[in-house]
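Since we're looking at a predicted model, the values are computed, not measured.
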Amino acid sequence: MKNNVKFEQYASLLREWSGRMNLVAPSTLNDIENRHFADSAQLADVLPANVNVIDLGSGAGFPGVVLAILGWNVTCIESIGKKVTFLNAVKEALGLDNLTIYHGRVEDFVRDLPVKSNDFVFTARAFASLTKIMDYVAKTKYRLFLLKGREIETEISDAKRKYKFEYRLTPSKTGDGFIISVHFCR
């Protein structure tokens with residue numbers, strides 16, 4: 001993975017801070033590179049190159065910080081203060097000028113976004129069900145690129161009851177889940 005030094009710094013910070021707060025499952029700290037970095041980085045294969053990424057419920061920064069390290073302009077949205085403190089520490093330590101941290105709720109951030117812009121996309125990993133994510137962002141009509149588990153077909157079926165959208169599933173390279181790319185229908 002390119003930017004190895006930044007990923008090594010990020011892994012070190014994640015291990016250090018995880019001793020003080022619950023950022024990721026402790027069982028994943030021995031395989032950060034695959035479980036978190038490679039899993040998040042696979043979005044680079046499906047994301048358009050010149051978009052601004054809005055990462056919903058960023059937590060410890062997955063996939064948002066990984067995508068910022070890889071070069072995208074990213075806004076991480078996180079409502080939990082201690083996780084925001086961690087994300088700001090990562091941003092500063094890694095010198096990520098292309099990373100913005102928003103401390104607040106997704107629905108508050110989304111409220112002021114312009115509608116139907118090809119300049120922005122949403123990402124998320126382990127954040128909420130597809131329907132719940134769509135509830136938050138549907139008014140924008142922005143594309144979604146979500147890392148989801150093997151139950152995605154059920155989530156799609158549930159979301160189709162409420163929303164009109166087209167989607168593409170890409171099998172995960174790091175597990176038994178999927179990347180779902182969603183385009184809202186007008």
* Show the numbers, then the answer: is there a side chain to side chain contact (heavy atoms under 4.5 Å, CB included) between Thr131 and Arg161? => CA-CA 9 Å; Thr131 302; Arg161 291 187 195 115; over 6 Å; no

* To do: State, with a plain yes or no, whether a side-chain heavy atom of Ile179 is found less than 4.5 Å away from one of Leu169.
  => no

* Asked: If you round to the nearest 0.5 Å, how far is CZ of Phe109 from CD1 of Ile77?
  -> 4.5 Å

* About how many Å separate CG of Leu113 and CG of Asp119, when rounded to the nearest 0.5 Å? -> 11.5 Å

* Asked: What do the steps show when you test Phe184 against Met134 for side chain to side chain contact (heavy atoms under 4.5 Å, CB included), and what is the final call?
  -> CA-CA 9 Å; Phe184 285 96; Met134 294 173 103; 3.5 Å; yes

* Structure fact -> Partner of Leu144 under side chain to side chain contact (heavy atoms under 4.5 Å, CB included), picked from Ile180, Val121, Val137, is Val137

* **Phe62: ring pair (Phe, Tyr, Trp, His ring centres under 6.0 Å) partners, not counting sequence neighbours** => Tyr10, His36

* To do: Please report the closest heavy-atom contact between Leu13 and Ala89, naming both atoms and the distance.
  => CD1-O, 4.5 Å

* Under 4.5 Å between any side-chain heavy atoms of Phe7 and Leu70, yes or no? -> yes

* Please check if Ile101 and Ile80 belong to a single hydrophobic cluster, counting links between Ile, Leu, Val, Met, Phe, Trp and Tyr side chain heavy atoms closer than 4.5 Å. => no

* Asked: Can you check whether Glu153's main-chain N or O pairs, donor with acceptor, with Lys148's side chain at less than 3.5 Å?
  -> no

* Got a donor-acceptor contact below 3.5 angstrom from the Gln42 side chain to the Asp39 backbone? -> yes

* By ring pair (Phe, Tyr, Trp, His ring centres under 6.0 Å), which residues pair with Phe165, not counting sequence neighbours? -> none

* Asked: Just wondering, more than 12 heavy atoms not from Lys173 lying within 6.0 Å of its NZ?
  -> no

* So which of Leu99, Asn98, Asn73, Leu47 actually passes side chain to side chain contact (heavy atoms under 4.5 Å, CB included) with Val53? -> Leu47

* Shortest non-hydrogen separation from Lys139 to Val110 and the atoms involved -> CE-O, 3.4 Å

* Asked: How would you list, by chain and number, every residue that makes a ring pair (Phe, Tyr, Trp, His ring centres under 6.0 Å) with Phe127, sequence neighbours excluded?
  -> Tyr136

* Grab the two heavy atoms, one from Leu87 and one from Ser58, that are nearest each other, plus how far apart they are. => CD1-CB, 4.1 Å

* Is any side-chain heavy atom of Ser129 closer than 4.5 Å to a side-chain heavy atom of Asp158? -> no

* Hey, what do you get for NZ (Lys141) to SG (Cys185), rounding to the nearest 0.5 Å? -> 9.0 Å

* To do: Walk me through it: do Tyr167 and Ile156 pass the test side chain to side chain contact (heavy atoms under 4.5 Å, CB included)?
  => CA-CA 9 Å; Tyr167 68 94; Ile156 292 167; 3.5 Å; yes

* **Rounded distance [0.5 Å steps], CG in Leu56 versus OH in Tyr102** => 12.0 Å

* **Residue Asp45 excluded, over 12 heavy atoms near CG under 6.0 Å** => yes

* Which distance, rounded to the nearest 0.5 Å, do you find between the CG of Asn88 and the SG of Cys76? -> 9.5 Å

* **Minimal non-hydrogen separation, Ala138 against Tyr163, with atom names** => CB-CE2, 3.5 Å

* Structure fact -> Tightest non-hydrogen contact, residues Arg143 and Pro48, listed as NH1-CG, 3.4 Å

* Can you find a pair of side-chain heavy atoms, one from Arg125 and one from Ser40, that are under 4.5 Å apart? -> yes

* Asked: Are any of the side-chain heavy atoms of Phe120 and Thr75 separated by less than 4.5 Å?
  -> no

* Mind listing the closest non-hydrogen atom pair of Gly57 and Glu78 along with its distance? => C-OE1, 3.6 Å

* Asked: Do Trp72 and Val46 belong together in a cluster built from hydrophobic side chains that touch within less than 4.5 Å?
  -> yes

* Asked: Where do Arg35 and Thr174 land on the side chain to side chain contact (heavy atoms under 4.5 Å, CB included) test, with the steps shown first?
  -> CA-CA 7 Å; Arg35 291 286 304 271; Thr174 61; over 6 Å; no

* **Residues, nucleotides or ligands: over 12 heavy atoms within 6.0 Å of Arg15 CZ** => yes

* For the atom pair CG (Leu43) and OG (Ser181), what is the distance rounded to the nearest 0.5 Å? -> 8.5 Å

* Identify whether the distance between the nearest side-chain nitrogen and carboxylate oxygen of Arg111 and Asp108 falls below 4.0 Å. => yes

* **Check: Leu94 main-chain N/O paired with Gln9 side-chain donor or acceptor under 3.5 Å** => no

